[in-house]
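Here the structure is laid out as structure tokens; the discussion comes afterwards.
Computed from a predicted model, the values in this text were never measured in an experiment.
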2 protein chains.
Amino acid sequence: MVSQENNCRICQEKSCASKVLSIGNLDILGNSCRTMTISKGETILHEGSLTSHVIYLRSGLVKETVKGIDSQEQIFKIIKGKTYLGMSSLFGDTINHFSYKALSDLTVCHIEISAFKQLMLENAEFTYKIMESQCKENLHNYDKLLKQGQKKIFGRLADALLYFSEDIFENKKFTLPLTQQEVANFIGTSRESTARGLSNFRQNGIISVNNSVVEILDLNCLKQVSRTG
Amino acid sequence: MVSQENNCRICQEKSCASKVLSIGNLDILGNSCRTMTISKGETILHEGSLTSHVIYLRSGLVKETVKGIDSQEQIFKIIKGKTYLGMSSLFGDTINHFSYKALSDLTVCHIEISAFKQLMLENAEFTYKIMESQCKENLHNYDKLLKQGQKKIFGRLADALLYFSEDIFENKKFTLPLTQQEVANFIGTSRESTARGLSNFRQNGIISVNNSVVEILDLNCLKQVSRTG
DNA sequence: GGTTTCCTGTGATATTTATCACAGTTTAAT
DNA sequence: ATTAAACTGTGATAAATATCACAGGAAACC
């Protein structure tokens, strides 16, 4: 981990919310903010630890996880750059409800919670923007979780592939950042079922898989599977 | 529905957030707020409709639902008094993602969204409180949804019973406000499996059921089932 | 009060999914 | 390059759950 002081004025990766901050506000932020790099595989934040900082993911890919029963890792979602991590825990509790682990090399900022709260109480538009983005995320998460409960495995797997293709990588061809075990933990099933699902999609010409490079060949069919369940 | 003008200054059912409002703020709220009663069975808000008002549930019990695939109703959660309804949709989108239906007679307030936003931008502490309560709710919801995905039916049913007993009615004995079909829609299973689960709990002396009056007889055992899944 | 409609309980069966087992592949480490 | 470790693919079987079917109860509606 390399850490350095930060000038938020000139940051190229501002969040939606911090774009509304005045120069004065940005300097308050910069004074309470440290940027650092984290390498793939490291854990940024542990479930169960006390909340102490706002963490802003500038760039890179992160998995948000919880320990399930018999302490199997459940993956809640994959997070890409320009996102605050663990806001619900930060404002809704004193301990973190999720762990965050780097799926790639990352750049993150640690912001002192007191400074962040000060900004929120001084600048209602900032708070409003933060709330807006949280609400958007929540709608998305609830939608995903509720649908997941109804769908069968092929449908959920299709959803996961579409999620990576459309939301995360914005490309029909991408390198899966997860092992099959992790995909299974993400869609709530067993590793074997995930493997069988991928085989099935491959055999039906819906996708191609080479090592961990996936390409969606028949998007309509995949969407169909996602709908049908 | 009976509607009347509202004096928010003297409201006995203020939300956590509106408790921090000044008298002036409360008058702004009161001028843009109408109180009404809604009877059991009516729908307050339809999924898919445009967001137009903040709705505050003063008293009563509401089910929050979404249409699942093949348009089966999924029950996301049960909501009791002193809660804003549909905040995520309101701030995260322009259409409502959930429907809200009365499980009992209700008192609700409709608040003009423009006035509410004005308050949020004028009073950052208010906004902060709103955000805080949203975050608490989210942690709770995510926890529930994630665990639900891992547990088997008996575990989920146990959770639902504990939820009614501890969170909603705060009593070991309560009248189930849902039919078995609805309980099934709540825990994500079939009506028959729900019926079998309840029978099983009854036969094992964990609960007693008379019509829709449920009493938890062996709390420890029920919690055990909830844990074991 | 009688009829209709919705709700509940439970057996039998079919479907879905997990688990076990193990061989073949890829990746990482020396 | 070679070995070890982790990951992947697939069959066989077991467990969980849904679905179908139907009878008996409760509630609601003339």
Side-chain angles (χ1 to χ4, degrees), chain A residues 39-41 63 68-70 72-75 101 103-104 148-161 175-204 206-214 225 228-229, chain B residues 39-41 63 68-70 72-75 101 103-104 148-161 175-204 206-214 225 228-229:
Chain A
S39 32
K40 183 172 170 172
K63 64 175 176 177
I69 42 183
D70 64 50
Q72 244 233 331
E73 170 183 277
Q74 281 186 277
I75 300 180
K101 295 171 197 162
L103 293 175
S104 69
Q148 180 164 305
Q150 284 210 308
K151 288 184 186 179
K152 303 196 203 72
I153 286 182
F154 283 17
R156 282 186 251 165
L157 184 57
D159 280 347
L161 293 173
T175 302
L176 247 190
L178 303 179
T179 65
Q180 289 190 2
Q181 178 63 65
E182 287 177 311
V183 173
N185 295 344
F186 182 48
I187 64 180
T189 183
S190 65
R191 182 192 65 77
E192 294 92 327
S193 295
T194 302
R196 274 185 255 270
L198 289 171
S199 291
N200 181 297
F201 289 175
R202 212 183 320 115
Q203 281 158 29
N204 288 317
I206 302 174
I207 61 172
S208 74
V209 186
N210 267 329
N211 297 340
S212 49
V213 178
V214 175
V225 172
T228 317
Chain B
S39 28
K40 183 173 171 170
K63 63 174 175 177
I69 43 182
D70 66 48
Q72 245 234 330
E73 171 183 277
Q74 281 186 277
I75 299 180
K101 294 171 198 164
L103 292 175
S104 70
Q148 178 163 307
Q150 284 210 308
K151 288 184 186 178
K152 302 195 204 74
I153 286 181
F154 283 17
R156 283 188 250 164
L157 184 57
D159 280 347
L161 293 173
T175 302
L176 247 190
L178 304 178
T179 64
Q180 289 191 1
Q181 177 64 64
E182 287 176 310
V183 173
N185 295 343
F186 182 48
I187 64 180
T189 184
S190 64
R191 182 192 64 76
E192 293 92 329
S193 294
T194 302
R196 272 185 257 268
L198 288 171
S199 289
N200 182 297
F201 289 174
R202 212 183 321 115
Q203 281 159 28
N204 287 318
I206 302 174
I207 60 172
S208 75
V209 185
N210 267 328
N211 298 339
S212 47
V213 178
V214 175
V225 173
T228 316

In whole angstrom, what separates A:Leu176's CG from D:dC7's C1'?
13 Å

Could you tell me whether the side chain of B:Ile187 reaches within less than 4.5 Å of the side chain of B:Asp159, counting heavy atoms only?
no

Rounding to a whole Å, what distance do you find between B:Lys151:NZ and D:dA16:C1'?
17 Å

For residues B:Val183 and B:Leu157, determine if any side-chain heavy atom of one lies less than 4.5 Å from a side-chain heavy atom of the other.
yes

Spacing of CD belonging to A:Gln72 relative to CD belonging to B:Gln150, to within rounding of 0.5 Å:
7.0 Å

Under 3.5 Å, side chain of B:Thr189 to main-chain N/O of B:Asn185, donor-acceptor pair present?
no

When you list every nucleotide of DNA chain C with an atom under 4.0 Å from a heavy atom of chain A, which one comes first 5' to 3', and which comes last?
C:dT16 to C:dT27

Please name the pair of heavy atoms, one in A:Ala184 and one in A:Arg191, separated by the smallest distance, quoted to 0.1 Å.
CB-N, 3.6 Å

So which one's nearest nucleotide on DNA chain D is more toward 5', A:Arg196 or A:Asn211?
A:Asn211

OP1 or OP2 of D:dA18 under 4.0 Å from side-chain N/O of B:Thr189:
yes

For B:Ile153, report the nucleic acid contact type (base, sugar-phosphate, nothing); a contact means any heavy atom under 4.0 Å.
sugar-phosphate

Let me know the distance between CG of A:Asn210 and P of D:dG9, rounded to the nearest Å.
11 Å

Please tell me which of the listed nucleotides, D:dA12, D:dT8, D:dA18, lies nearest to the side chain of A:Thr179?
D:dT8

B:Ser199 near the nucleic acid: base, sugar-phosphate alone, or nothing, with a heavy-atom cut-off under 4.0 Å?
sugar-phosphate

Quick one: closest heavy-atom pair of A:Val209 and A:Ile207, and the distance?
CG2-CD1, 3.7 Å

Select from A:Lys152 and A:Ser212 the residue whose nearest nucleotide in DNA chain C is closer to the 5' end of that strand.
A:Lys152

Kindly say if B:Arg191 contacts the phosphate of D:dA18, meaning a side-chain N or O under 4.0 Å from OP1 or OP2.
no

Take atom CD of A:Glu192 and atom P of D:dA14, then tell me their distance rounded to the nearest Å.
16 Å

Any non-hydrogen side-chain atom of B:Leu103 less than 4.5 Å from a side-chain atom of B:Lys101?
no

Between C1' on D:dA16 and CD on B:Gln148, what's the gap in Å once rounded to a whole number?
16 Å

